[in-house]
Amino acid sequence: SDGAFDVTVGALSGWRFRPGQQRVPPPEEIERQRARVDWRKLVLDERAGTVSLAAGGMRIDLGGIAKLYILDAGLKVLVRHGATRALLNGGGDVLVQAPAGGRPWRVGVRDPRAPERLLGLVEIARGFVASSGDYERAFVHDGQRYHHILDPRTGWPAQGPRGVTVIGEDLAAVNGLSVAIMVLGKDAGIRLLRATPGAEALIVDRDGSVWMSAGFRARFRPVE
C-alpha cells in the first residue's frame, strides 16, 4: 500500500477515542509524532528473528492486522479437533469455513451510514470478511467528528470512505487492505484492490455512494 497501511502509526499516541477519555492532540504534537511514522524505518532481520526501529520515539501498533491472525489460529485449532463447519467473529472481522459443496455462510455487512442496520449479506464458504469504518470509535469535538483510523501521512483521521469491507481466502491478501483503502480514498483504493489478487471489496464512499467489485457483487445479497 506504499505506506497507506503502516504499523509504525503507533507513534501517533496523543489521540484518545475511549468514551470519557477522548482527546484531540494539538497540531504541533501531531506533527511531531507524525515525523516518527515511517514503515521504511522498520527493520526486519529474518535470519536473527528480530525487529528493530531505526529512529527513537517510533512505536509499532499491530491493531489493524492482529485480529485476522488470531481468527486464523483459532480456526486451525477447531479443525484439529474435527470441526468441518465454523464461523469465528473477532470484533466484527469474521473467518468462516464450510465443507466442500456445503451451504455457504451468510455474513452481515453493516451500513456505515447507519451502523445499527445491515447493508446486506455476503455469501462465503471459506475465507475472511474484514471491515473498517469511521463509525466504530469516533467522537465529536468542537463540532468536528474524529474517528480512529489515522492517516499515517498526516497524523489526522483518514478522509477516505465511510466504510470498507474486504473478502478473500488468503490472509496475506486481505489483512490491512480495508484500512489502506480507508486512507487512500475510493479511486486509489480501487486501484490497490485490483492489484491485489484474491481480494474483493465493497466501498461506501463519503458521499454515501456504494461501489462493489464484480466478485463481491456476485456474493452480495441486499437486505430488503
Side-chain angles (χ1 to χ4, degrees), residues 1 4-5 62-76 78-79 83-136 149 158 160-206 208-224:
S1 68
F5 180 88
L62 300 178
I65 55 174
K67 284 194 292 185
L68 295 196
Y69 282 107
I70 294 168
L71 293 177
D72 189 52
L75 180 60
K76 288 175 180 174
L78 293 177
V79 170
T84 59
R85 181 176 178 85
L87 181 149
L88 291 81
N89 185 338
D93 289 338
V94 173
L95 173 59
V96 301
Q97 177 172 297
R103 178 170 53 89
W105 288 95
R106 287 187 169 187
V107 179
V109 178
R110 292 173 71 181
D111 187 342
R113 302 162 299 186
E116 71 280 359
R117 72 185 186 199
L118 292 180
L119 188 64
L121 304 170
V122 61
E123 294 186 344
I124 182 168
R126 180 181 178 84
F128 299 89
V129 182
S131 297
S132 298
D134 65 2
Y135 51 87
E136 284 288 354
I149 298 178
R162 298 289 309 276
V164 178
T165 296
V166 177
I167 61 174
E169 292 189 18
D170 183 11
L171 172 61
V174 301
N175 209 2
L177 184 58
S178 59
V179 174
I181 295 173
M182 289 283 294
V183 170
L184 289 170
K186 176 184 173 183
D187 293 341
I190 290 172
R191 290 195 293 271
L192 175 61
L193 178 70
R194 289 173 173 165
T196 307
E200 304 288 346
L202 173 149
I203 300 173
V204 179
D205 208 2
R206 297 194 71 79
S209 61
V210 178
W211 178 91
M212 285 180 266
S213 65
F216 196 103
R217 187 177 298 276
R219 299 168 180 255
F220 185 74
R221 303 293 179 266
V223 173
E224 300 297 335

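Heads up: numbering here begins at 1 and tracks the sequence. These numbers come from the heavy atoms of this one structure, side chains and all, not from hydrogens, waters or symmetry mates. Given the structure is predicted, the values throughout are model-derived calculations rather than measurements.
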First locate atom [atom1] of [X], then atom [atom2] of [Y], and finally report the distance between them rounded to the nearest 0.5 Å.
| X | Y | atom1 | atom2 | answer |
| --- | --- | --- | --- | --- |
| Asp205 | Arg113 | CG | CZ | 10.5 Å |
| Met212 | Leu202 | CE | CG | 5.5 Å |
| Ile203 | Ser178 | CD1 | OG | 10.5 Å |
| Glu169 | Ile124 | CD | CD1 | 7.0 Å |
| Asp170 | Thr196 | CG | OG1 | 10.5 Å |
| Leu171 | Ile65 | CG | CD1 | 9.0 Å |

Any [X] side-chain heavy atom under 4.5 Å of [Y] side chain:
| X | Y | value |
| --- | --- | --- |
| Leu119 | Val223 | no |
| Thr165 | Val122 | no |
| Leu192 | Ser1 | yes |
| Pro99 | Thr84 | yes |

**Study point:** Salt bridge Glu123-Arg219, side-chain N to carboxylate O under 4.0 Å
**Key:**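 No.
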
**Study point:** N-O pairing of Asp72 and Lys76 below 4.0 Å
**Key:**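 So Asp72 pairs with Lys76 through a salt bridge.
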
Point to revise | Cationic tip of Arg85 above Trp105 ring, under 6.0 Å, 45° of axis | key: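 Geometry flag: set, cation within 6.0 Å and 45°.
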
Check your understanding: Passes salt bridge (charged side-chain N to carboxylate O under 4.0 Å, His left out), Arg110 versus Glu136? Steps please.
Key -> CA-CA 11 Å; Arg110 292 173 71 181; Glu136 284 288 354; 2.9 Å; yes

Measure across [X] and [Y] and return the closest heavy-atom pair with its distance rounded to 0.1 Å.
| X | Y | result |
| --- | --- | --- |
| Pro104 | Ala125 | CB-N, 4.0 Å |
| Gly108 | Leu121 | CA-CD2, 3.7 Å |
| Leu95 | Gly127 | CD1-O, 3.2 Å |
| Val183 | Ala4 | CG2-O, 3.6 Å |
| Ala130 | Leu68 | CB-CD1, 4.2 Å |
| Ala199 | Leu193 | O-CD1, 3.7 Å |

Practice item. Output, in order, the C-alpha distance, side-chain angles, deciding distance and verdict of side chain to side chain contact (heavy atoms under 4.5 Å, CB included) for Phe128 and Asn175. Key: CA-CA 9 Å; Phe128 299 89; Asn175 209 2; over 6 Å; no

Exercise for review: Could you check Ser209 against Lys186 for side chain to side chain contact (heavy atoms under 4.5 Å, CB included), going step by step and ending with a plain yes or no?
Suggested key: CA-CA 10 Å; Ser209 61; Lys186 176 184 173 183; 4.3 Å; yes

Exercise for review: Pick out which of Val174, Ile167, Asn89, Val166 makes a side chain to side chain contact (heavy atoms under 4.5 Å, CB included) with Val129.
Suggested key: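 Testing each of Val174, Ile167, Asn89, Val166 against Val129, the sole residue satisfying side chain to side chain contact (heavy atoms under 4.5 Å, CB included) is Ile167.
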
Exercise for review: Determine, step by step, whether Ile149 and Val179 satisfy the side chain to side chain contact (heavy atoms under 4.5 Å, CB included) criterion, reporting the C-alpha distance in whole Å, the side-chain angles of both residues, the deciding distance to 0.1 Å, and the verdict.
Suggested key: CA-CA 7 Å; Ile149 298 178; Val179 174; 4.1 Å; yes

Exercise for review: For side chain to side chain contact (heavy atoms under 4.5 Å, CB included), just list the numbers for Leu71 and Val94, CA-CA rounded to whole Å, side-chain angles, deciding distance to a tenth of an Å, and then say yes or no.
Suggested key: CA-CA 8 Å; Leu71 293 177; Val94 173; 5.7 Å; no

Review point. Do Arg206 side-chain atoms and Gly160 backbone N/O form a donor-acceptor pair below 3.5 Å?
Key: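 Flag set: sc Arg206 to bb Gly160 pair under 3.5 Å.
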
